[in-house]
Amino acid sequence: MEALSFMVVSGFLGAGKTTTMIALAEHMNKTFGETAIIANDLGANLVDTNLTQTSGCTVTEIANGCICYQMDNVVDQLRRLRDKDNAVFVMSDIPGCGVGALDHVYHTLARDHAEEFKLAPFTVIVDPERLRMIMPEKADINLPEELVYLLQLQLEEADAVVLNKCDLLTPEEQERYVDFLKTAVPDVPVLCISARERTGIEALADFITTNTTALKNFSVRNNHEFELAEAKLTWYNRRMFMKTLNEGKIDMNAVADDVIEEIRMGLIEKKRNVPHLKTFATSGNGDFNKASLIGVDYDIEYEQKFLRDHKNMRMIINARAVCESRVLARIVDDAIDEVCGRYGLDCQIFFTECFGMADEGR
């Protein structure tokens with residue numbers, strides 16, 4: 001049996017990892033006739049449904065709804081995708097920054113499952129806004145220096161660096177960003193794409209399907225600087241169901257917007273930040289709302305809003321915050337309580353995950 005190709009896509013927070021994987025899967029399925037599948041921590045819940053439907057991509061969970069990768073489970077899931085879904089290429093994004101995934105995921109698969117899985121280049125996606133933090137201008141977007149360190153580490157562990165959102169750059173700006181990356185990591189290929197506009201995808205697909213990982217000897221174990229950086233960050237993942245108490249239909253776009261705004265204000269009050277926050281809400285029948293926030297100083301970005309009013313919605317909140325876990329948990333709880341009272345909603349919580357890497361018992 002031919003080995004299944006597997007690729008981890010890491011990247012800067014908010015760099016467009018998922019949209020890049022969708023574009024790649026669409027190209028590979030149409031061009032090579034292969035079954036390319038996207039596997040992430042939350043399945044299709046945080047993926048733009050319109051994109052997956054029109055591209056024909058399959059999106060599935062790889063971590064049973066949890067944020068962290070448990071390698072025995074990942075191996076079982078990869079075997080299932082290969083044997084039951086006929087996958088020949090699986091792409092998986094590491095939530096948040098993903099530093100250390102090369103050591104934890106790639107080296108484990110290479111050591112214990114070399115005959116089963118072919119490891120495609122460990123690919124790191126960057127975007128212009130975040131990249132400016134480590135460029136000479138040192139853009140200040142109110143994130144701690146430790147997070148800058150994590151972004152730099154990602155570049156160093158990459159087999160390939162992909163500069164996304166190039167449609168937002170002039171040719172001169174793109175050249176400047178590429179020159180910086182080639183100076184920062186001179187041994188790593190740099191490819192330019194716009195995942196949304198589907199430019200540069202063919203060259204990227206050709207690179208990842210004709211190359212394998214270099215399996216760099218990159219480890220963050222017993223790295224005190226890395227531990228200090230990770231200690232600044234908290235993972236957050238919640239699934240819930242909201243419904244109107246009077247069974248009437250209301251503007252659920254306003255509800256989703258206010259949930260994010262209340263979280264933003266709570267973080268500002270505590271002098272904390274959230275470089276990565278995504279929400280996905282659906283009321284069924286293909287109507288959904290998907291939003292993201294890349295910092296307390298930024299506007300909410302919407303990929304899709306509800307097309308009509310609804311009396312209920314299922315909602316997911318997924319975040320990587322520069323905030324202690326207990327503080328973040330309280331901020332989100334208070335935000336939801338405030339919004340539910342404002343709109344006359346009942347909220348049922350199905351699942352909550354909130355922890356920092358330094359938390360005891362995580």
Q | side-chain contact (heavy atoms from CB on, under 4.5 Å) involving S292 - partner list, sequence neighbours excluded | A | K278, E301
Q: Following the transitive rule for hydrophobic clusters with a side-chain heavy-atom cut-off under 4.5 Å over Ile, Leu, Val, Met, Phe, Trp and Tyr, establish whether I336 and L245 coincide in one cluster.
A: no
(Q) Would F280 and M315 count as a side chain to side chain contact (heavy atoms under 4.5 Å, CB included) here? Give the steps. (A) CA-CA 6 Å; F280 179 87; M315 189 175 191; over 6 Å; no
Q. Where the side chain of D127 meets the backbone of G16, is there a donor-acceptor pair that is under 3.5 Å apart?
A. no
(Q) Applying side chain to side chain contact (heavy atoms under 4.5 Å, CB included) to Y177 and V126, what does each step give before you reach the verdict? (A) CA-CA 10 Å; Y177 283 103; V126 303; over 6 Å; no
Q | Rounded distance [0.5 Å steps], NZ in K311 versus OG in S283 | A | 10.5 Å
Q) With sequence neighbours excluded, what pairs up with E269 under the salt bridge (charged side-chain N to carboxylate O under 4.0 Å, His left out) test? A) none
Q.
Within the 4.5 Å heavy-atom criterion, are M240 and I317 side-chain neighbours or not?
A. yes
Q: Using the side chain to side chain contact (heavy atoms under 4.5 Å, CB included) rule, take N312 and L345 through it: C-alpha gap first, then chi angles, then the decisive distance, then the call.
A: CA-CA 9 Å; N312 59 56; L345 299 171; over 6 Å; no
Q: Please confirm whether the backbone N or O of F241 pairs with a side-chain atom of Q348, one donor and one acceptor, at under 3.5 Å?
A: no
**Q.** Approximate separation, where rounding is to 0.5 Å, of R239 CZ and E353 CD
**A.** 9.5 Å
Q. Is the shortest heavy-atom distance from the side chain of L169 to the side chain of P128 under 4.5 Å?
A. yes
(Q) Would the distance check show the side chain of R264 and the main-chain N or O of Y298 forming a donor-acceptor pair, the cut-off being under 3.5 Å? (A) yes
Q.
A quick test of your reading: do over 12 heavy atoms of other residues, nucleotides or ligands sit less than 6.0 Å from CG of N246?
A. yes
Q: Compute whether any side-chain donor of one residue and acceptor of the other, for R238 and T352, lie under 3.5 angstrom apart.
A: yes
Q.
Run the side-chain hydrogen bond (donor to acceptor under 3.5 Å, both in side chains) test against T108 and tell me which residues pass, sequence neighbours left out.
A. none
Q) Looking at A281 and F306, what are the two nearest heavy atoms and their distance? A) O-CZ, 3.6 Å
Q. When you measure from the side chain of N273 to the backbone N and O of V296, does any donor-acceptor pair fall under 3.5 Å?
A. yes
Q. Are side-chain heavy atoms of I134 and L155 found at a separation under 4.5 Å?
A. yes
Q: Would you check if the side chain of S325 reaches a backbone N or O of F355 as a donor-acceptor pair within less than 3.5 Å?
A: no
Q: Taking N211 for its side chain and F207 for its backbone only, find out whether a donor-acceptor pair lies under 3.5 Å.
A: yes
Q | Separation between NE2 of H310 and CZ of F288, rounded to the nearest 0.5 Å | A | 11.5 Å
Q. Can E173 and R176 be counted as an ion pair, charged N to O under 4.0 angstrom?
A. no
**Q.** Side chain proximity check, N164 to T19, heavy atoms < 4.5 angstrom
**A.** no
Q. With a 4.5 Å limit on heavy-atom distance, are the side chains of L109 and V75 in contact?
A. yes
Q: State which residues pass side-chain contact (heavy atoms from CB on, under 4.5 Å) with N217; sequence neighbours excluded, sorted by chain then number.
A: none
Q. Is V161 reachable from L168 through a run of I, L, V, M, F, W or Y residues, each pair having side-chain heavy atoms under 4.5 Å apart?
A. no
Q) Given E324, which of K270, R272, K232 fulfils the side-chain hydrogen bond (donor to acceptor under 3.5 Å, both in side chains) condition? A) R272
Q) According to the salt bridge (Lys or Arg N to Asp or Glu O under 4.0 Å) rule, which pairs have a member within residues 159-168, sequence neighbours left out? A) none
Q.
Tell me whether the count of non-hydrogen atoms from other residues, nucleotides or ligands lying under 6.0 Å of CZ in R330 goes above 12.
A. no
Q. Does a side-chain N-to-carboxylate-O contact under 4.0 Å join K305 and D257?
A. no
Q: Quick one: closest heavy-atom pair of M313 and A256, and the distance?
A: CE-N, 4.4 Å
**Q.** Student check: side-chain heavy atoms of E157 and L153 closer than 4.5 Å
**A.** no
Q: Please tell me if the side chains of D251 and D309 come closer than 4.5 Å, counting only heavy atoms from C-beta onward.
A: yes
Q.
Quick check on K216: does its NZ atom have over 12 non-hydrogen neighbours (other residues, nucleotides or ligands) under 6.0 Å away?
A. yes
Q: Output yes when a side-chain donor or acceptor of D287 lies under 3.5 Å from a complementary backbone atom of L307, and no otherwise.
A: yes
Q: Could you pull out the closest heavy-atom pair between Y106 and L119, with the gap in Å?
A: O-CD1, 3.4 Å
Q.
So, taking the atom named CZ in R198 and the one named CZ in R196, what distance separates them when rounded to the nearest 0.5 Å?
A. 8.5 Å
Q: Mind listing the closest non-hydrogen atom pair of K118 and A3 along with its distance?
A: N-CB, 3.9 Å
Q.
Using every non-hydrogen atom in the two residues, find where M21 and M91 come nearest and quote the distance to one decimal.
A. O-CE, 3.6 Å
Q. Distance from F350 atom CZ to I316 atom CD1, nearest 0.5 Å?
A. 11.0 Å
Q) Closest approach of V274 and A319, non-hydrogen atoms and distance? A) CG2-CB, 4.1 Å
Q | Partners passing side-chain hydrogen bond (donor to acceptor under 3.5 Å, both in side chains) against D258 (at least two apart in sequence or in another chain) | A | R342, Y343
Q: For side chain to side chain contact (heavy atoms under 4.5 Å, CB included), just list the numbers for H113 and R79, CA-CA rounded to whole Å, side-chain angles, deciding distance to a tenth of an Å, and then say yes or no.
A: CA-CA 11 Å; H113 305 279; R79 288 170 176 162; 3.7 Å; yes
(Q) What I'd like to find out is whether the side chain of Q77 reaches to under 4.5 Å of the side chain of N73, using heavy atoms alone. (A) yes
Q | Nearest-0.5 Å distance that lies between atom CG in N318 and atom CG in L277 | A | 8.0 Å
Q. Counting only heavy atoms not in D187, do more than 12 sit closer than 6.0 Å to its CG atom?
A. yes
**Q.** Option passing side-chain contact (heavy atoms from CB on, under 4.5 Å) with D93 (candidates T123, V8, T18)
**A.** T18
